[in-house]
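Just so you know, these numbers use all the heavy atoms, side chains as well, and skip hydrogens, waters and symmetry mates. The structure displayed is predicted, hence computed values, not measured ones.
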Amino acid sequence: QVQLVESGGGLVQPGGSLRLSCTASGNIFSIELMGWYRQAPGKQRELVATISRSGSTNYADSGKGRFTISRDNAKNTMYLQMNSLKPEDTAVYYCNAQHRATTGWPPPNYWGQGTQVTVSS
């Protein structure tokens, strides 16, 4: 089992910045991949960025050049630095963690409760 808790959301003006945090607890040793997803009202949940245990990152086009995903293993925490925020970035942002495949197939997948990001004047 993995528990994920997001924080750092809030209301910002267009062009502003936020840093989201996701702290993992439980069976963190088996996590292979973590990522950020978001879901805007009336839309499907979509990928924002992922980071693997090896450090490989992947970004959706929507955030490339503006968002940076990172992790601090000592704190069991993943971050999403969001710069140059746009109104279309408004969404609930969710932390996701996936166990390594050796734990079973499909690997267990976990979600946080979400944190609201609102970009508005």
K.L.:
Using the rule that two of Ile, Leu, Val, Met, Phe, Trp, Tyr join whenever any of their side-chain heavy atoms come within less than 4.5 Å, decide whether Tyr110 and Val48 are in one cluster.
P.N.:
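Same cluster.
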K.L.:
Is Arg66 close to Met82 at the side-chain level, that is, under 4.5 Å between some pair of heavy atoms?
P.N.:
no
K.L.:
Would you indicate whether the side-chain heavy atoms of Arg53 and Ile31 approach each other to under 4.5 Å?
P.N.:
yes
K.L.:
Are the side chains of Gln98 and Asn109 in contact, using a 4.5 Å heavy-atom criterion?
P.N.:
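Counting from C-beta outward, Asn109 and Gln98 do come under 4.5 Å.
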K.L.:
If you group Ile, Leu, Val, Met, Phe, Trp and Tyr by side-chain heavy-atom gaps below 4.5 Å, do Val92 and Phe67 land in one group?
P.N.:
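No; Phe67 is not reachable from Val92 via cluster members.
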K.L.:
Do Pro107 and Arg100 come close enough that some side-chain heavy atom pair is under 4.5 Å?
P.N.:
no
K.L.:
Could you state whether Val119 and Tyr94 fall into the same hydrophobic cluster, counting links through intermediate Ile, Leu, Val, Met, Phe, Trp or Tyr residues with side-chain heavy atoms under 4.5 angstrom apart?
P.N.:
no
K.L.:
Once you round to the nearest 0.5 Å, how far does CZ of Arg19 lie from CD of Gln81?
P.N.:
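Taking CZ in Arg19 and CD in Gln81, the distance rounds to 7.0 Å.
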K.L.:
Is any side-chain heavy atom of Thr90 closer than 4.5 Å to a side-chain heavy atom of Gln116?
P.N.:
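They are in contact (side-chain heavy atoms under 4.5 Å apart), so the answer is yes.
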K.L.:
Using 4.0 Å as the upper bound for N to carboxylate O, is an ion pair formed by Lys86 and Asp89?
P.N.:
no
K.L.:
Start with the C-alpha distance between Ser120 and Thr118, add both sets of side-chain angles, then the distance that settles side chain to side chain donor-acceptor pair (under 3.5 Å), and finish with yes or no.
P.N.:
CA-CA 6 Å; Ser120 176; Thr118 302; over 6 Å; no
K.L.:
Using the rule that Ile, Leu, Val, Met, Phe, Trp and Tyr join whenever any side-chain heavy atoms are under 4.5 Å apart, tell me whether Phe29 and Val5 fall into a single cluster.
P.N.:
no
K.L.:
Report yes or no: is the cationic atom of Arg45 (NZ for Lys, CZ for Arg) closer than 6.0 Å to the six-membered ring centre of Tyr37, at no more than 45° off its axis?
P.N.:
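Output no; distance or angle outside limits.
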K.L.:
Assigning hydrophobic clusters by single linkage (Ile, Leu, Val, Met, Phe, Trp, Tyr; side-chain heavy-atom cutoff under 4.5 Å), is Leu20 placed with Leu33?
P.N.:
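Not linked; separate clusters.
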K.L.:
Between Thr102 and Glu32, is any pair of side-chain heavy atoms under 4.5 Å apart?
P.N.:
no
K.L.:
Any side-chain heavy atom of Ser62 sitting closer than 4.5 Å to one from Arg38?
P.N.:
yes
K.L.:
Quick check for you: to the nearest 0.5 Å, what is the distance between Asn96 atom CG and Leu47 atom CG?
P.N.:
9.5 Å
K.L.:
Might you point out which heavy atoms bring Cys95 and Met34 nearest each other, and give the distance in Å?
P.N.:
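Heavy atoms only, the tightest pair is SG-CE, 3.8 Å.
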K.L.:
Determine whether more than 12 heavy atoms belonging to other residues, nucleotides or ligands lie under 6.0 Å from atom CD of Glu88.
P.N.:
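Correct, the count exceeds 12.
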K.L.:
Step by step, would you call Asn83 with Ser17 a side chain to side chain donor-acceptor pair (under 3.5 Å)?
P.N.:
CA-CA 4 Å; Asn83 299 324; Ser17 298; 2.9 Å; yes
